[in-house]
Amino acid sequence: MEARLAPAADARFGDYQTNAAMLLAKKLGKNPRVFAAELMAAFDGTGLVLEPEMAGPGFINFRLRPEALTARLEGLLADEKLGAARPQGMAARRLVIDFSGPNVAKAMHVGHIRSTILGDAVARIARWVGHVVVTDNHIGDWGTQFGMLLVAWKESLDREALAADPLAEMERLYKEMTARCAADPVVREAAKAELVKLQAGDVENLGIWKEMIRLSQTQFQAIYGRLGIEFDHMLGESFYNPWLGETVDALAAAGIARESEGALCVFSDRTGPEKDDPFLVSRDGQWHDNPSLVRKADGGFNYTTTDLATLVYRQREFTPDQIVYVTDGRQQLHFRQLFAIFRRWYPEAGVQLSHVWFGAILGDDGRPFKTRSGETVKLADLLDEAEERAFALVTEKNPGLPESERRDIARIIGLGAVKYADLLPNRQSDYIFSWDKMLSFQGNTAPYLQYSYVRARSIFRKLEGEIPSLQGPFVLTDPAERALLLQLSRFAEEVPRVLEDFRPNLLSNYLFETATSFHSFFEACPVLRSEGEAKITRLALCELTSRVIQQGLGLLGINVPEKM
RNA sequence: GCACCCGUAGCUCAGUGGAUAGAGCAGCGGAUUUCUAAUCCGCCGGUCGCAGGUUCGAAUCCUGCCGGGUGCGCCA
C-alpha cells in the first residue's frame, strides 16, 4: 500500500488528489480526517496550488493555480523532453531488452509481432526517459531443426524456388521433413547425423547453414526496415555455442545440475514452498520433480542451456541492472526455472531479471489468429494488407491527393494501426485482431490520434503571414483550454509510469485522452478567429498538443503524417 | 491433477487498495455558410462469474467454487 499523489478521480475534486493522510493515519492510529487537517495546515503550496481541500474519508485535493499552469505551458514548450526526462538526482539504469527472436529458415509471422512491437516500444521509452538501453535480438539460428533442414536441402532443394522466394522454399523443406521424420525413423537418424556433423564443424554443413542464415537475415531486415526497428545486437543462439559445454560443466561442478535418466537436470533445492517451486509439479496429490534439462540424454543442449549461457554473457558484457525478456506467456515456467537456476548459480548477482510476457492474438472466432485456410499469418502479408486497406481508406477520404502521397500516408496509417492495436490492450490480455477496429477513424485507434496531430498542425499552415513566436503571457479563458493544458502536462507523469511494469498501454490510453481533450478544446475555442494573448495561447496549445502526440506515438514506434 | 492467466455494459476492452466502476463501437437524439464532420455534445446501457473473508474503504488482496484459455523431461 503506497501513498500516492494522483490525478483526481473526478474533475470536480480538483486536479490532483492524495490518499497519504488516510494511509499515514492508519499507521499512526489517528483519525484520518483529523490527521488530514493537520497535514493541510502544515502544507505549503504557495505559488503552485490553491488552498487544498479535504473530502470524503480523508482525501486531500489540490487545484493548480492558473499562473502555475501557464508557467508550465511555457516550460513544456521550451523542453524537448516535454517534462519526461529522468530527474537529475535519479541514476540511469542499464537495461538489456531481449525481444522479437525470429527463427532462421522460417518466415516471420504474427507470433513475432507482439514481442517485436512491445519490446521496441519499451526500449524507446526507456531511452527517452534517460536510461541506458541495449537491445538484443536473440535469433533462433541453431538447434535440432537444422539437422532436418540439412537433409532436405541436400536431397530436394529447388534452386529456382529458392532464388524466387527463399523463405517459402525453406519452409517447404522444413514441412516436408517434419512429415518424413514423423513417418520414418531412418530419416530421423539422418537428420540427427547431419546435426552432429554441423555441430562438429563440418565444412559443407556449415556452408549451407550460413547460407540459410544469410537468406533469412535479408528477410528480417526487410521487415524491421518497414517497422522502423533497429537492434544494437543480433546475437543468435549459435553465438553462444562455444560456451554451452562449460556452462553445463559449471552447473554440474557447482552441484546445481545432476544426471537423471541420462540427461543432466536441475532439480528443486527444496528451499521454498512447493507451490511456488518451478521445479515441482503436483500429480495425484503428490509433489513430483519437474526438472529443467540442461543437457539431453543424447548429449545435445537445449534452449535452457543456451539461455543460461546468454544470461552469463550479458551479465559480463553489458553489466546491466536489469534484463528484460519479452515473450509470450506460455514461457513463464521456462523463465521461472531459468531465473531460479541463475540465482543459485550466481547468488551474489544483483541483476534484476524480468519476464515481460504477453497474451495471444486471436481471430474473431476466439481461436488463435490464422488465415482463412488455417495457415499462420505471415508478417510481411499482414503489413501489406494493412497498407492496402489504409490506402483504400485514404483514397476514399481524400481522393484529390496524388497517388504517391496517398501511398506514403497509407504506409504510416497502416503500420501505425497494427502497432497501436497491439499496444492498446493490457499486454497480458489476449486480444482479438480486427482490421475494421484498428483502421477506424473513430475511437481509440492510431488513425484517430494521427488525425488529431494533423489537425493541430494544419492550423499553422493556415496562419497568414509570419508565424508568431509562442511567447507568453498566456491566458486561459475557457475551461477546455485549462483541461487540455492539464492533460498535456501529465505526459511527464505517464511516460515513466510505463516502465514500472512495462505497460505501454498506459501511454496509449494517455494519448487517446489527450486527443479527445484536444478535439473538445478545438471545437470550443476558435484559434484563427481569436486575437491577442488568447490566440497566442491557443496556438501554443496546438503546438504542444502536436508535439505530445507526435512524441508519444513516436515512443510507441508510430509515425504521424502531415496530411491525411 | 497441479501451476499461470482470464471472466467488468449487447460487442471489444481500460481500470492490479480509494470517492458515484470508465472508454470505444453498436443504438437513440442533437451540432456543420467547417480551423479537414476523419469531429464534437448529450442519452441509453453494469449483481465487476458465484460465495465467503481481510479493512475506514475491494473489480483490485485472501480462501473456496463455477466457466474459459495456456503450460507441465529431453521443441523453443
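Letters A, B, ... are given to chains in the order of the sequence lines, protein chains preceding strands, and every chain is numbered from 1. Computation of the quantities below employed the complete heavy-atom set of this structure, encompassing side-chain atoms and omitting hydrogens, waters and symmetry-equivalent molecules.
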Quiz item: In whole angstrom, what separates A:Ile432's CD1 from B:rC6's C1'?
Solution: 13 Å
Quiz item: Does the ring of A:Phe13 lie flat against the base of B:rA19, closer than 5.5 Å centre to centre with planes under 30°?
Solution: yes
Self-check item: side chain to side chain donor-acceptor pair (under 3.5 Å) between A:Thr477 and A:Glu481, worked out
Solution: CA-CA 7 Å; A:Thr477 54; A:Glu481 294 170 324; 3.2 Å; yes
Could I get a table of every N or O pair under 3.5 Å where one atom is in the protein and the other is in nucleotides 40-46 of chain B?
from: B:rC40; atom 1: OP1; to: A:Tyr448; atom 2: OH; distance (Å): 2.7
from: B:rC41; atom 1: OP1; to: A:Ser520; atom 2: OG; distance (Å): 2.8

Quiz item: Where the side chain of A:Arg503 is concerned, which of B:rG18, B:rC13, B:rU16 is the nearest nucleotide?
Solution: B:rU16
Exercise. Convert the base pairs of RNA chain B into dot-bracket notation, remembering that pairs crossing earlier ones are written with [ ] and that bases paired across to another strand are shown as |; include only Watson-Crick or G-U pairs under 3.5 Å.
Key: (((((((..((((....[...)))).(((((.......))))).....(((((..]....))))))))))))....
Exercise. Flag the pair A:Arg497 and A:Glu493 as a salt bridge only when some basic side-chain nitrogen lies within less than 4.0 angstrom of an acidic carboxylate oxygen.
Key: no
Practice problem: Would you mind reading off the distance between A:His355 atom NE2 and B:rC5 atom P, rounded to a whole angstrom? | Solution: 13 Å
Quiz prompt | Donor-acceptor side-chain pairing of A:Asp307 and A:Thr304 below 3.5 angstrom | solution = no
Exercise. Look at all strands and tell whether A:Gln17 reaches a base, only sugar-phosphate, or nothing, counting heavy atoms closer than 4.0 Å.
Key: base
Quiz item: Phosphate oxygens OP1/OP2 of B:rC5: is one of them under 4.0 Å from a side-chain N or O of A:Gln332?
Solution: no
Quiz item: So, A:Arg482 and A:Asp15, do they make that salt bridge, N to O below 4.0 Å?
Solution: yes
Quiz prompt | Where protein sits on nucleotides 60-76 of chain B, one letter per nucleotide: B base, S sugar-phosphate only, - none, heavy atoms under 4.0 Å | solution = ----------SSBBBSB
